[in-house]
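Just below is one structure, and these are the notes that go with it.
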Amino acid sequence: MSKPIQAINRYKADLRELNFLLFEQFKVNELLGKAPFEAWGEDEMKTSLVECYRWAREVIGPLNAIGDTQGCRLEAGHVTTPSGFKAAWKSLYESGWKSIAVDQEFGGAGSPHSLQVLIEEIISGANTAFSMYPGLAHGASEVIESFGTHDQKQLYCTRMYSGAWGGTMCLTEPHAGSDVGAARTSAKKNADGSYSITGTKIFISGGEHDLADNIVHLVLARTEGAPAGTKGLTLFIVPKLRASQDGTVGESNDVSCGAIEHKMGINGNATCVLNFGENGKCVGWPVGGDAKLNQGMSQMFKMMNGARIGVGVQGISVASSAFLNALEYAKDRKQGASIEHWKDATAPRARIIEHADVRRMLLDMKSRVEGIRALAVKLTNHQDCVRALTGKDDTLAAYHQGQVDLLVPLVKAYGSDQAFRVCETAIQTFLGDIGKFVAANSGHAKLGAAAKRLGAAQEALGASTMKLLTWFQTGNMTLVPLYANRFLEMMSETSVAWMLLEGAVIADAKLATLPATEPDHAFYSGKVAAALYFARTVLPGVEHKAAAMGDEDRSPIDLAEAGFATV
Ligand SMILES: Cc1cc2nc3c(=O)[nH]c(=O)nc-3n(C[C@H](O)[C@H](O)[C@H](O)COP(=O)(O)OP(=O)(O)OC[C@H]3O[C@@H](n4cnc5c(N)ncnc54)[C@H](O)[C@@H]3O)c2cc1C
């Protein structure tokens, strides 16, 4: 008989590090206590992190392994989520964690986004599969809040932000994955102004579940006579159950779950095949009404941007918890003798954290997790500055919006010439900020050499940007996608090094004021070490990659298919 899965939390977070980013590196407190964050102070933010962490460890952390082992069950078209998920969903919304940054108009607490991103990290790190259900509902509601008609906002937003109703995004079809523009789901106008929706979507996260009273699907579909490709796609609101304007839920809207996809992980989240209109009775309404026909992709991009930040945060959350668990294990596990006694078979066993290569791996994990998290908090801090400055100092607000625009689409900038040009300008501004940091810190006693290395990486990145631009201008288009990933890696590594060094300069100044016996002494030393490690071991790779780009190697393109393998 197999052993029952134990409800044990294994999630860990380092709240000291989260507070460092918020209050020491990004100085979020300068935005607090005044519009639009009047209700928020440093204490409220710190308490929220402590309480959310406690909640995550007590409520959803213990359900992580259970969710993955039990998975979801599809019976007669209905999905049952793993044991405990329903109660956790209720508890999540009662605690208010999911709506912490939502506007008060829709029932939220209006906190800064820089707090929300860390709350999201905690929720996702404790139980990724569970966190995807509310994550998708939240993202779909944000789209309706941004682009919906007055009536649509009134009907859907508060219900979706409060967890009364769930939500999904439905782009992918069997023949249309990356190639979203190939979508065939159709929308035919009815006499009452609604549209009949017909088609099949696959891989829909949280497409069907038992957590909420209704599920609001955002579905990309093509109206009759609409242009081919992405330009002819409209985003429709398609509820699982039809609802009247006062929110009363009625009959089924002919949306059925055909199957749950088999996956290697996140089994607690139902990734569904959804059939719309198998009986000709599925109706939907364009987000924003008929005036917004064919604007589905730009509307959906808002959600996809949110989803991309969300996926980034998911990555950080899992990596961070893995690092902290590995650290705990390394401090406890004894194996092998220390290198000084390597010839002595009777020497006492050392804890594995005492072995140099284990220390290298731990510092490598620490520097990557903390650097990437700093980028995410920086992004949300810019969003908060936009909110706080719009209408008061529009020039400064525009600068912060430029930073948001750069940081969000690091992953999506190379789809078109136009996007590239926008990005190229943004990259120059970006690089300018790094240049200022390098100029200010290259004489730093401890971190000066590392700052100079950052400067060298910045120059290499600038040269590679020009290289990409030249390829565009000379019609050498095949090289652009070939090197796009490498370029993004260089951007990310340079940005992460910048964030780590910025934190290290602050930490080093604090170290000078603290006796070695203070617990914070070790914390700040760790920040300096992580930045030095990253600058010395990862950053030189940026210059190397830039040099390799200069060689314009085309081997992957030129190689005949038969040359990849003989099978
Ligand atoms: C767990 C999970 C949850 C998901 N949730 C959702 C959801 O909620 N809603 C939703 O709509 N979809 C969802 N998806 C689907 C996801 O968005 C698609 O998997 C994605 O769009 C890629 O499509 P595909 O799998 O068909 O891969 P394909 O498009 O077949 O691509 C296969 C590979 O080829 C590469 N490739 C394809 N075209 C190009 C090109 N032009 N240039 C270079 N490389 C290319 C891709 O990068 C990829 O590596 C989910 C998928 C997973 C795995």
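Remember, it's 1-based here, ligands and their atoms both numbered in the order they're listed. Quick note: residue numbers are just sequence positions, from 1.
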**Prompt:** N/O to N/O below 3.5 Å, does that happen between Leu171 and ligand 1?
**Reply:** yes
**Message:** A side-chain contact here means heavy atoms from C-beta on lying under 4.5 Å apart; do Tyr161 and Tyr93 qualify?
**Reply:** no
**Item:** Under-4.0 Å heavy-atom contact between protein and atom 21 (O) of ligand 1
**Value:** yes
**Message:** Considering both backbone and side-chain atoms of Lys263, is one of its nitrogen or oxygen atoms within less than 3.5 Å of a nitrogen or oxygen in ligand 1?
**Reply:** no
**Asked** Which atoms from ligand 1 have a heavy atom of Ser178 less than 4.0 Å away?
**Response** 21 (O), 22 (C), 23 (O), 28 (P), 29 (O), 31 (O), 37 (C), 38 (N), 46 (C)
**Request:** Identify, for atom 3 (C) of ligand 1, the protein heavy atom at the shortest distance, and state residue, atom and that distance.
**Result:** Ser205 OG, 3.3 Å
**Message:** Tell me whether atom 48 (C) of ligand 1 lies less than 4.0 Å from at least one protein heavy-atom position.
**Reply:** no
**Fill in**
For atom 2 (C) of ligand 1, the closest protein heavy atom turns out to be Thr271 CG2, 4.3 Å
**Asked** Which one of Leu274, Leu218, Val180, Thr172 has a non-hydrogen atom at the shortest distance from atom 10 (C) of ligand 1?
**Response** Thr172
**Asked** Quick one: are Val318 and Tyr11 in side-chain contact, heavy atoms under 4.5 Å?
**Response** no
**Message:** Let's go through Arg373 and Glu121 carefully: what are the C-alpha distance in whole Å and the side-chain angles of both, what is the deciding distance for salt bridge (charged side-chain N to carboxylate O under 4.0 Å, His left out) to 0.1 Å, and is it a yes or a no?
**Reply:** CA-CA 9 Å; Arg373 180 190 290 117; Glu121 178 185 331; 2.8 Å; yes
**Numbering as shown, the atoms of ligand 1 that approach Ile204 to under 4.0 Å (heavy-atom distance)** = 7 (C), 8 (O), 9 (N), 10 (C), 11 (O)
**Item:** atom 42 (N) of ligand 1 within contact range, any protein heavy atom under 4.0 Å
**Value:** no
**Message:** How far is atom 9 (N) of ligand 1 from the closest protein heavy atom, and which atom is that?
**Reply:** Met169 O, 2.9 Å
**Request:** Establish whether atom 33 (C) of ligand 1 and some protein heavy atom are separated by less than 4.0 angstrom.
**Result:** no
**Request:** Would you check if the side chain of Asn214 reaches a backbone N or O of Trp165 as a donor-acceptor pair within less than 3.5 Å?
**Result:** no
**Prompt:** Side-chain contact, heavy-atom cut-off 4.5 Å: Phe106 with Glu145?
**Reply:** yes
**Asked** Are there protein heavy-atom neighbours of atom 52 (C) of ligand 1 below 4.0 Å?
**Response** no
**Message:** Please tell me whether Thr234 and Gln295 have a donor and an acceptor in their side chains that are separated by less than 3.5 angstrom.
**Reply:** no
**Asked** Would atom 6 (C) of ligand 1 count as contacted, meaning some protein heavy atom under 4.0 Å?
**Response** yes
**Prompt:** When the ring planes of Trp89 and His209 are compared, do they come out parallel, tilted or perpendicular, using 30° and 60° as the limits?
**Reply:** tilted
**Asked** Distance only, no hydrogens: is a donor on one side chain within 3.5 Å (strictly under) of an acceptor on the other, for Glu278 and Ser256?
**Response** yes
**Request:** Considering only non-hydrogen protein atoms, determine which one is nearest to atom 26 (O) of ligand 1 and report residue, atom name and distance to 0.1 Å.
**Result:** Gly177 CA, 3.4 Å
**Message:** Below the 3.5 angstrom mark, is there an N/O of Phe203, backbone or side chain, next to an N/O of ligand 1?
**Reply:** yes
**Request:** Give a yes-or-no answer on whether the side chains of Glu552 and Trp471 include a donor-acceptor pair shorter than 3.5 Å.
**Result:** yes
**Item:** Any donor-acceptor pair under 3.5 Å from Glu208 side chain to Val79 backbone
**Value:** yes
**Message:** Determine whether any protein heavy atom is located less than 4.0 Å from atom 39 (C) of ligand 1.
**Reply:** no
**Item:** Gap between atom CG of Asn127 and atom OG of Ser317 - 0.5 Å precision
**Value:** 10.5 Å
**Asked** Do any non-hydrogen protein atoms sit less than 4.0 Å from atom 30 (O) of ligand 1?
**Response** no
